[in-house]
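This report concerns only the one structure given below.
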Amino acid sequence: MITWLLLVSLFCKSTQDGNRQNNGNEISTTAGVYPRNRVFKVGSRVTFRCVLSAGQIFDKMYLTGYNDPDMKTEMISNQTYALTVHLNKPSNSTCTDVKCHIQHVDTTKYGTCAHIGYPPGDVDLKCETRDLESVECRWTARDTHLARKLTTYQLVGRSCVDGSKGRCSQKVQVDVGERNWTLTVQNELGKVELSDRADLTKRVHMFAPEGVTASTVNARSVSLKWVWTVQQYNNINITCQINVSHDGTNTMSKYFGVGLNFAVLTDLIPNWLYNVTVRCGTTQNFWNWGDWSTSVNFHTRGDVPDALDVWMQRKDGQIIITWKMLLANQSHGDITDYVVTWANTTETEQQNRRKVAHNKHHLSLSLDTTKEYTVTVTASNKIGRSSPSTMIVPRFSPDTSRVKTSLITGSSGGFSLSWSASPVASCGYIVDWCPTSGHCSVEWLKVPPNETNASVFSKNLKDGVRYSLSIYACTQGAPVLLERREGYVRQERMQNRLFDPLEWKQQESNVEVSWIPIPQTSRTAFIQGYILYWSDNNDNNNNGNVSTDLGNPEATSLTARNLKISSYTFTVKAQTAVGECGDTSLILTLDSLTDDLIKTLLISLVTVFSLLSLITVICYRHWACIKQTVYPPVPKPLLTEWLTSPGEHSCHPLPVDQCYYSEADIMDIPELHCKSGAPVNGYVSHKNIPFVFAQTPNGYYNQPLKKFTPEPLILPTTTIPSQSSSFRCVFPNLSYSLIMQTLDQQSKSAPDPLEGTDIERNWNGYQPQSHTIFSLNQTNEDSESPMSCVSTYILFPQSPST
Ligand SMILES: *[C@@H]1O[C@H](CO)[C@@H](O)[C@H](O)[C@H]1NC(C)=O
Ligand SMILES: *[C@@H]1O[C@H](CO)[C@@H](O)[C@H](O)[C@H]1NC(C)=O
Ligand SMILES: *[C@@H]1O[C@H](CO)[C@@H](O)[C@H](O)[C@H]1NC(C)=O
Ligand SMILES: *[C@@H]1O[C@H](CO)[C@@H](O)[C@H](O)[C@H]1NC(C)=O
Ligand SMILES: *[C@@H]1O[C@H](CO)[C@@H](O)[C@H](O)[C@H]1NC(C)=O
Ligand SMILES: *[C@@H]1O[C@H](CO)[C@@H](O)[C@H](O)[C@H]1NC(C)=O
Ligand SMILES: *[C@@H]1O[C@H](CO)[C@@H](O)[C@H](O)[C@H]1NC(C)=O
Ligand SMILES: *[C@@H]1O[C@H](CO)[C@@H](O)[C@H](O)[C@H]1NC(C)=O
Ligand SMILES: *[C@@H]1O[C@H](CO)[C@@H](O)[C@H](O)[C@H]1NC(C)=O
Ligand SMILES: *[C@@H]1O[C@H](CO)[C@@H](O)[C@H](O)[C@H]1NC(C)=O
Ligand SMILES: *[C@@H]1O[C@H](CO)[C@@H](O)[C@H](O)[C@H]1NC(C)=O
Ligand SMILES: *[C@@H]1O[C@H](CO)[C@@H](O)[C@H](O)[C@H]1NC(C)=O
């Protein structure tokens, strides 16, 4: 007040000074700048005067913060100068300096402070009560840019200390009923009056509850209490909001009551850290929420773990019981171990039980696949054991063909699938998934019974890997497989050289390119078909392609037809939704067809010629025999002489047996063939004794044959088949006597009847230690046989070691 009076008196004085000067005649004796300490409205035009003492020489006059163009200085008289300014800027702090300088005297200068600002412009008055004993109002204050003391604020007729901050509180009697709450703001430049009509009992803005504490802490519930510093709060119906936060999530719960000073929080996670804050408001005539209390931490007590989510997987004849690791908000303390029990569904009292370490979450069981088992898994922590999770392992049924399998492609990193509702799914559905081939640890999700779709997402899902998804119905008994899906989250192009190694086959002008079936693990996309491209390496315009029908992913060959004789590049590609891929190429030069013909022709000619030559030679050699056979001469009785003539180049006529050579003979697999001079089994057959034909009806004599002892062996081999003719010896209806004269079995040289094929077999398995003498005894003379021959093979091994 004193300041105010002082200011008013100063104002009056400066006005007087100014008036006097304005009159021009009266020269102020007091040097200085006028008017002094006046309040000016922004935008007004004002003239300041500087009065100098005698002898002083004027230098300059200015307002701080203003530029030269805004100011104009005039000399009014020898001692008086005038500065006219357009006051377009409000004072930054308390006031704006007006200064007057004198020449040559730095220290001596005159000045005054001008208060440049605005009239009051405060708006939006709102009043409420906090303690029900005072009114507290807020408004939007306008900055007048004048010194704080130059603007006055009055609420309900009493001045406010800090009015410029837009806030004022006055002790009042808070009664029910509306009244005007008036604020008056005033300064030299103007005055405003704001009023807010309100019933303060409906405008209660509560203070924060004090001393919030968790009085009783349980595993899943906590009691909170607090106190009110304002006595009146205990008499009104209060609604409190509690912000329960943990791990970045927060939930709000509401409580109410007269003078509410406690709350019980429920549904908390055991063994968990919480942070709570409380704020309240009036229940009736809610105005707004009070301030938040300081936050309070509490840690709930531990509890037994939650029940496990159990599923199973069938692998290599075993059942893998697997369960999901409990999260910290499910284990309620560190897990110490798991216990798996299983029993026949029929005999549940006879249980098997196994403990599983806390860091494992599956157990392989070798169960009888023809029976159903009830498997139960529990988890333990230091508080105790979880409630059991039970599942029934179904009998193994290898017939899954009745289950519909359809292809699926993923989207945005996962699979979205839906299926038809099943009436057996009383407790919902289970969807599990695994890579179709290779190592797999099953993942699954459970779906409530009223839903028939699911989104499968997992960080383990990979692009380009084929997954099998199965949808099971959850029933009171064992889960029932309903449907299957197979597909890729995202199909990927297959590597080049997918088809290596490519095989090929030329058939005339066609080339068939084939490959081994692409294994499932190499398929990173659905193969829809295959395409074979070919291009002539010498002619760019000669190319083409052929593809399998779409929907034939199992094809393993493609044929390029009507190719010219040239060098070609063949490329096989797999057709997929992500394009053709797996490119595998093959470069090959086709054989000329005419070349082939000539070659075939030449080979045939040479073969025929060779055969003819052979026949000729044989016939020449055996001419005598043939001749003898066809025109048998009168037999000579001199057998011993015949036998004692080794080295004869002839086939001796056999008096009874016949040996035919017939060109017209039907081609057959020959039984015997003698190849002269060639080393066989290490023995050399004497070329002069290709065959020995023995006459049998007159008896077979072992003795004379021994005369051949020094001669090399003759071993029979298979004759070369001939197209048109053959030379063969047929032994029709012969009985063969094999005399095996081993050193050990000299005495047991009784003849054994043998089949022709057995002879052949014995020859193949010939033992050098044996002296084997075959004698052929014709038991039944068959004159109708076109050709017959009796041969005696004399096999001499090297001297057996004794
Ligand atoms: C106030 O301050 C601003 C910058 O801070 C300046 O531009 C302006 O000139 C000042 N006004 C006065 C009157 O001093
Ligand atoms: C002031 O004016 C008077 C006459 O009016 C003159 O005599 C005097 O020299 C002037 N003084 C100055 C400083 O100019
Ligand atoms: C309250 O203020 C309003 C205007 O804001 C006025 O019309 C009314 O007469 C005032 N009532 C009282 C009781 O002062
Ligand atoms: C407080 O307010 C609530 C909500 O209106 C009401 O249900 C409750 O009965 C009130 N309590 C008392 C004590 O009036
Ligand atoms: C509850 O408290 C948390 C943590 O203090 C905070 O992040 C969240 O914003 C609060 N919720 C509300 C509605 O105030
Ligand atoms: C509760 O949470 C708030 C916000 O996250 C945090 O500022 C405060 O320190 C926490 N209280 C305690 C007691 O830790
Ligand atoms: C447990 O935490 C996981 C995330 O860590 C969250 O998805 C899940 O809803 C929480 N469960 C409960 C019962 O709070
Ligand atoms: C299951 O039942 C069979 C007979 O039905 C019995 O031999 C077998 O021991 C049972 N196994 C278990 C684990 O109870
Ligand atoms: C299925 O039932 C649950 C609980 O009853 C419900 O929350 C959910 O919205 C229902 N879903 C559908 C698709 O009806
Ligand atoms: C299931 O289908 C309904 C309706 O089509 C959809 O709103 C819901 O998001 C789907 N649920 C899942 C898990 O995909
Ligand atoms: C495959 O051959 C057909 C003609 O037989 C041609 O029209 C087509 O463009 C070829 N495709 C490609 C990819 O070259
Ligand atoms: C030949 O057969 C006859 C009659 O079967 C027999 O008496 C004779 O002993 C046989 N000769 C030889 C050497 O086996």
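As the structure lists them, so they are numbered: ligands from 1, and atoms in each ligand from 1.
Sorted by chain then number, the residues whose non-hydrogen atoms approach ligand 11 to under 4.0 Å are Tyr533, Asn545.
In the vicinity of Val258, heavy-atom distances shorter than 4.0 Å reach the ligand 4 atoms 12 (C), 13 (C). Close contacts of ligand 10 with Ser455, meaning ligand atoms under 4.0 Å from a residue heavy atom, involve 12 (C), 13 (C), 14 (O). With ligand atoms numbered from 1 in the order given, ligand 4 contributes 3 (C), 7 (O) to contacts under 4.0 Å with heavy atoms of Phe256.
Atom CZ of Arg167 sits in a sparse spot, with 12 or fewer heavy atoms from other residues, nucleotides or ligands closer than 6.0 Å. Counting heavy atoms of neighbouring residues, nucleotides and ligands inside a 6.0 Å radius, atom NZ of Lys505 does not exceed 12 of them.
Here's the thing with Asn237: one of its N/O atoms is less than 3.5 angstrom from an N/O atom of ligand 4.
Scanning all heavy atoms of the two residues, the minimum distance from Ala379 to Leu326 falls at CB-CD1, 4.1 Å.
Seen from the ring of Tyr533, Lys573 counts as a face-on cation partner, given the 6.0 Å and 45° thresholds.
Neither side chain, Gln507 nor Thr559, offers a donor N or O lying under 3.5 Å from an acceptor on the other. There is no side-chain donor-acceptor pair under 3.5 Å between Asn275 and His246.
Contacts of Asp124 classified as side chain to side chain contact (heavy atoms under 4.5 Å, CB included), with partners at least two apart in sequence or in another chain: Thr140.
The closest approach between Ser416 and ligand 10 stays at or above 4.0 Å for every heavy atom of the residue.
If you look at Tyr472 and Trp311, their ring centroids are closer than 6.0 Å.
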